Colleague: 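Structure provided below as structure tokens; questions to follow.
Small disclaimer: the values here were computed from a predicted structure and weren't measured. Here is the naming used below: chain letters follow the sequence lines, and residue numbers restart at 1 for every chain.
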Amino acid sequence: MKPPDSTAVVGRAKAGDVQAFEALFRDHHARVYNLAYSILADRTEAEDVTQRAFVKAWEELPRLREVAAFAGWLNRIAANLARDVARSRAARKVPANHSEPTGDKADQGLLAEERDAQVHRAIGSLPEHQREVVIMYHLQGVPVQEVAEQLGIAQGTVLSRLARGREALRRKLAPYVEQ
Amino acid sequence: MNAKRCDETRELLADFDAGLLDERRADEVTAHAAECEACGAELAALKRTAALLDATEPARPSRDLWPGVAQKLAPRQPSRTWWGIPRPAQMRLALQVATIVLLILALTVILPLHWDQGPAVSLPHAVDDDAALFGHWYAQASLTSGLGNVQALSLIAATQPPEAAP
Ligand SMILES: [Zn+2]
């Protein structure tokens, strides 16, 4: 998930190297997209926010001090943009366009699709710190140690945020997890 | 089942599941969940939540988003030379610190002069010629403190008594 020299890559992108920045985009865009999607529940808006988050990250990179915490910093940028979109949508009273999943999911049953959509929405309702670790650990399969490194926090903090997140999701997703 | 015991166990279940409890408390939770059906079911629901999350497909963009990003990136010169240049906020801070240091310097150098040399410092008051006054202060400031020309002049500017004004 995270290349061993990713801090060096962030450093090169910070100095203006577009190729290094593209490498960062390839490594991080799936997480950023899922973060935006969980908040917005709209694929088109999530795509737009993902692109804008990276453009903004490029502009702000020279001012990033903690190069090792790039992922968490990028998450903040994306979450802020997504919340702005959600707020302006709420102000215009436009409902989220719960667009259907595409491509490789076409052959899965509607029930599974609906269940996944519910899970994404439930994740989107978590507090930010829980949401990012749940997405990274559960949806993207990033090991706890790497989540900790990418966000610049202790492994115990990751585990604790996962515990709180799962506790909240167990209630939000009760129909799927109670027997 | 003991309701208090159930409440305590429920509080700990998520941490237990995440492996965050010490051995003693983990053993207590394990023992209680094994004999209490409700708490056992709650722990199972928590484990199914984790499994459900693991089984959930991450959302995927419908297209490659990089080209749209790349065309909006303003060029930045790959350069390291600007790294050492302080930003405006730091520059302001540096100026403030320099002012304070200069004030402290003025106080610590001038006050001892007044105390140690007594009458010598009262000289400017007796001198009414501006040029002589300047020469006296300049010489005194640079000789007694070992300051460079610029610092000595700043010191004079900062400490010139009102009597010296024309
Ligand atoms: Zn119980």
Colleague: For A:R166 and B:A50, which heavy atoms make the closest approach, and how far apart are they?
Modeller: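 The answer is CD-CB, 3.7 Å.
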Colleague: Measure A:A13 against the heavy atoms of chain B and call it side chain, backbone, both or neither at under 4.5 Å.
Modeller: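 For A:A13, the contact with chain B is made by the backbone alone.
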Colleague: List the atom of B:L65, the atom of A:Q51, and the distance in Å for their closest heavy-atom pair.
Modeller: O-NE2, 3.0 Å
Colleague: Tell me whether A:N34 contacts the main-chain N or O of B:A59 through its side chain, where contact means a donor paired with an acceptor under 3.5 Å.
Modeller: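 Yes: the side chain of A:N34 pairs with the backbone of B:A59.
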Colleague: At a 4.5 Å cut-off on heavy atoms, which part of A:I135 comes close to chain B: side chain, backbone, both, or neither?
Modeller: neither
Colleague: Any chance you could lay out the side chain to side chain contact (heavy atoms under 4.5 Å, CB included) test for A:R115 and B:L52, step after step, and finish with the verdict?
Modeller: CA-CA 9 Å; A:R115 188 200 60 201; B:L52 173 63; 3.5 Å; yes
Colleague: Roughly how far, to the nearest 0.5 Å, is CD of A:E167 from CD of B:E42?
Modeller: 9.0 Å
Colleague: Would you check if the side chain of B:W66 reaches a backbone N or O of A:F25 as a donor-acceptor pair within less than 3.5 Å?
Modeller: no
Colleague: Might you point out which heavy atoms bring A:R164 and B:A14 nearest each other, and give the distance in Å?
Modeller: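 A:R164 and B:A14 have their closest heavy atoms at NH2-CB, 3.7 Å.
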Colleague: Is B:L20 reachable from A:V144 through a run of I, L, V, M, F, W or Y residues, each pair having side-chain heavy atoms under 4.5 Å apart?
Modeller: yes
Colleague: How long is the span from the CG atom in B:L53 to the CD1 atom in A:I123, to the nearest 0.5 Å?
Modeller: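 Between atom CG of B:L53 and atom CD1 of A:I123 there are 5.5 Å.
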Colleague: Give the cluster check for A:L173 versus B:L46: same hydrophobic cluster or not, with ILVMFWY residues linked at side-chain heavy-atom distances below 4.5 Å.
Modeller: no
Colleague: Is any side-chain heavy atom of A:L159 closer than 4.5 Å to a side-chain heavy atom of B:D15?
Modeller: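 A:L159 vs B:D15: side chains apart.
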Colleague: Run B:D17 and A:R170 through salt bridge (Lys or Arg N to Asp or Glu O under 4.0 Å) and show every step you take.
Modeller: CA-CA 13 Å; B:D17 191 40; A:R170 176 255 170 275; over 6 Å; no
Colleague: Could you have a look at A:E178, A:R171, A:H120 and say which one has the most heavy-atom pairs with chain B under 4.5 angstrom?
Modeller: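 Highest number of pairs under 4.5 Å: A:H120.
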Colleague: B:F16, A:L169: one ILVMFWY side-chain cluster at the under-4.5 Å cut-off?
Modeller: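 No: no chain of side-chain contacts under 4.5 Å links B:F16 to A:L169.
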Colleague: Where is the tightest heavy-atom contact between A:L139 and B:P58, given as atom of each residue plus distance?
Modeller: O-CG, 3.5 Å
Colleague: Answer yes if A:L61 and A:L74 sit in the same cluster of Ile, Leu, Val, Met, Phe, Trp and Tyr residues linked by side chain heavy atoms under 4.5 Å apart, and no otherwise.
Modeller: yes
Colleague: Examine whether an atom of A:S160 lies under 4.5 Å from a heavy atom of chain B, and if so say whether it belongs to the side chain, the backbone or both; otherwise answer neither.
Modeller: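 Looking at A:S160, backbone and side chain both touch chain B.
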Colleague: Pick whichever of A:F21, A:F54, A:Y137, A:Y176 has the most heavy-atom pairs under 4.5 Å with chain B.
Modeller: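 Of the options given, most contacts go to A:F21.
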Colleague: Counting only heavy atoms closer than 4.5 Å, note whether A:R52 contacts chain B via side chain, backbone, both or neither.
Modeller: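 For A:R52, neither part sits under 4.5 Å from chain B.
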Colleague: Go through A:D48, A:L162, A:V119 and name the one with the most non-hydrogen pairs under 4.5 angstrom from chain B.
Modeller: A:V119
Colleague: Hey, are the side chains of A:E113 and B:E57 touching, using non-hydrogen atoms and a 4.5 Å cut-off?
Modeller: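 Of all side-chain heavy-atom pairs linking B:E57 with A:E113, none is under 4.5 Å.
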Colleague: Quick check for you: to the nearest 0.5 Å, what is the distance between B:D64 atom CG and A:E47 atom CD?
Modeller: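 Reported value, rounded in 0.5 Å steps: 10.5 Å.
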Colleague: What about A:L81 and A:F70, same hydrophobic cluster or not, with Ile/Leu/Val/Met/Phe/Trp/Tyr joined at side-chain heavy-atom distances under 4.5 Å?
Modeller: yes
